[in-house]
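Let me begin by presenting the structure, written as structure tokens, before commenting on it.
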Amino acid sequence: MADMKAFRDAVTKWATGGPDGPARDLAEGLGVRTAVLVEGLSDLAAVEALAARRGRDLAADGVCVMPMGGAMSVARYAGLLGPPGLGLRLTGLCDEGERGFYERGLTRAQAPLQDVYVCAADLEDELIRALGTVGVEEIISAEGDLRAWQTFQRQPAQHGRPRHQQARRFLGTKKGRKIRYGRLLVEALAPDRTPPPLDRLLTSL
């Protein structure tokens, strides 16, 4: 049975020059109505983890969280998924530094800009601030990464840096770590500590 991952894969192939037919067929078969444009897989993991915590089945609601492999791809994906292409409602989550890519991409696709939710630095920074560095270190320890974290902190480049900035950098130092911790940090949040951009995004879906 086709699922939302199959739709994401079909859209990715379409975006890189493949045929549009599989994505169109899956969109219709799955009842996709909304595409959430995010930069990467760690954002996907965080959004899906929060949805699960709140008892939401995004696929059943016709929502596809679409990682694009970077904000510079927004115009391409917005054109394929938005009014010029499949006609889906577009929304998104992005870093402050990538806001311009989203604004230009959605404007070109004739999609509303107010449906994009912006993180002050990036989503990892928002999550670390919400949990606090003590909470993040507890998760790092529970995951068996404490020694790697302590070694990282001793690197000359980390001397004098605020601990939350160290934690944010640490999450990106090993392939797959940011994705894994994107889910773990969300799962550890108190219900009233969800970062506002992430909270508003899910509420809007």
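The basis for the numbers below is simple: all heavy atoms, side chains too, and nothing from hydrogens, waters or symmetry mates.
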Here's a test for you: under salt bridge (Lys or Arg N to Asp or Glu O under 4.0 Å), which of R8, R183, K5 qualifies with E48?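 Going through R8, R183, K5 one by one, the salt bridge (Lys or Arg N to Asp or Glu O under 4.0 Å) with E48 is satisfied by R8 alone.
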Counting N and O atoms only, with roles assigned by atom type, does the side chain of [X] sit under 3.5 Å from a partner on the main chain of [Y], one being a donor and the other an acceptor?
| X | Y | value |
| --- | --- | --- |
| S141 | E138 | no |
| D95 | E98 | no |
| E126 | A120 | yes |
| Q166 | Q158 | yes |
| R177 | F170 | yes |
| T91 | V116 | no |

Take a 6.0 Å sphere around [atom1] of [X] and say whether it holds more than 12 heavy atoms from other residues, nucleotides or ligands.
| X | atom1 | answer |
| --- | --- | --- |
| R180 | CZ | yes |
| Q114 | CD | yes |
| E103 | CD | yes |

Are L113 and M66 co-members of a hydrophobic cluster defined by side-chain heavy atoms under 4.5 Å apart?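 Result: yes, single cluster for both.
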ILVMFWY network linking I128 to Y181, side-chain heavy atoms under 4.5 angstrom: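 Shared cluster, yes.
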Could you tell me the separation between the [atom1] atom of [X] and the [atom2] atom of [Y], rounded to the nearest 0.5 Å?
| X | Y | atom1 | atom2 | answer |
| --- | --- | --- | --- | --- |
| R168 | R129 | CZ | CZ | 8.5 Å |
| E124 | H164 | CD | NE2 | 13.0 Å |
| Y102 | L90 | OH | CG | 10.5 Å |
| Y117 | L123 | OH | CG | 15.0 Å |
| M68 | D43 | CE | CG | 9.0 Å |
| H159 | R154 | NE2 | CZ | 9.0 Å |

Mind running side-chain contact (heavy atoms from CB on, under 4.5 Å) on Y77 and T12 for me, showing each step along the way? CA-CA 9 Å; Y77 279 86; T12 299; 3.8 Å; yes
Chi angles and distances behind the side-chain contact (heavy atoms from CB on, under 4.5 Å) call for M4, L30: CA-CA 7 Å; M4 206 57 78; L30 294 169; 4.3 Å; yes
Show, in sequence, the C-alpha distance, side-chain angles and deciding distance for Q153 and R163, and conclude whether the side-chain contact (heavy atoms from CB on, under 4.5 Å) test is met. CA-CA 9 Å; Q153 288 181 295; R163 186 156 291 203; 3.5 Å; yes
Taking 4.0 angstrom as the limit, do K174 and D145 come out as a salt bridge?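 Between D145 and K174 there is no salt bridge, as every charged N stays at least 4.0 Å from the carboxylate O atoms.
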Working note: V65 + L37, criterion side-chain contact (heavy atoms from CB on, under 4.5 Å); need CA distance, chi angles, decisive distance, verdict. CA-CA 6 Å; V65 184; L37 303 180; over 6 Å; no
Output a table of donor-acceptor pairs, distance under 3.5 Å, between side-chain atoms of residues 49-58 and any protein atom two or more places apart or on a different chain; print 'none' if there are none.
from	atom 1	to	atom 2	distance (Å)
R53	NH1	V186	O	2.9
R53	NH1	E187	O	3.4
R53	NH1	L189	O	2.4
R53	NH2	L189	O	2.9
R54	NH1	D199	OD1	3.0
R54	NH2	D199	OD1	2.6
R56	NE	D61	OD2	3.2
R56	NH1	L202	O	3.4
R56	NH2	D61	OD2	3.1
R56	NH2	L205	O	3.1
D57	OD1	A59	N	3.3
D57	OD1	A60	N	3.1

Flag for S204-R200: side-chain donor and acceptor within less than 3.5 Å: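 Note: R200 and S204 side chains miss the donor-acceptor criterion.
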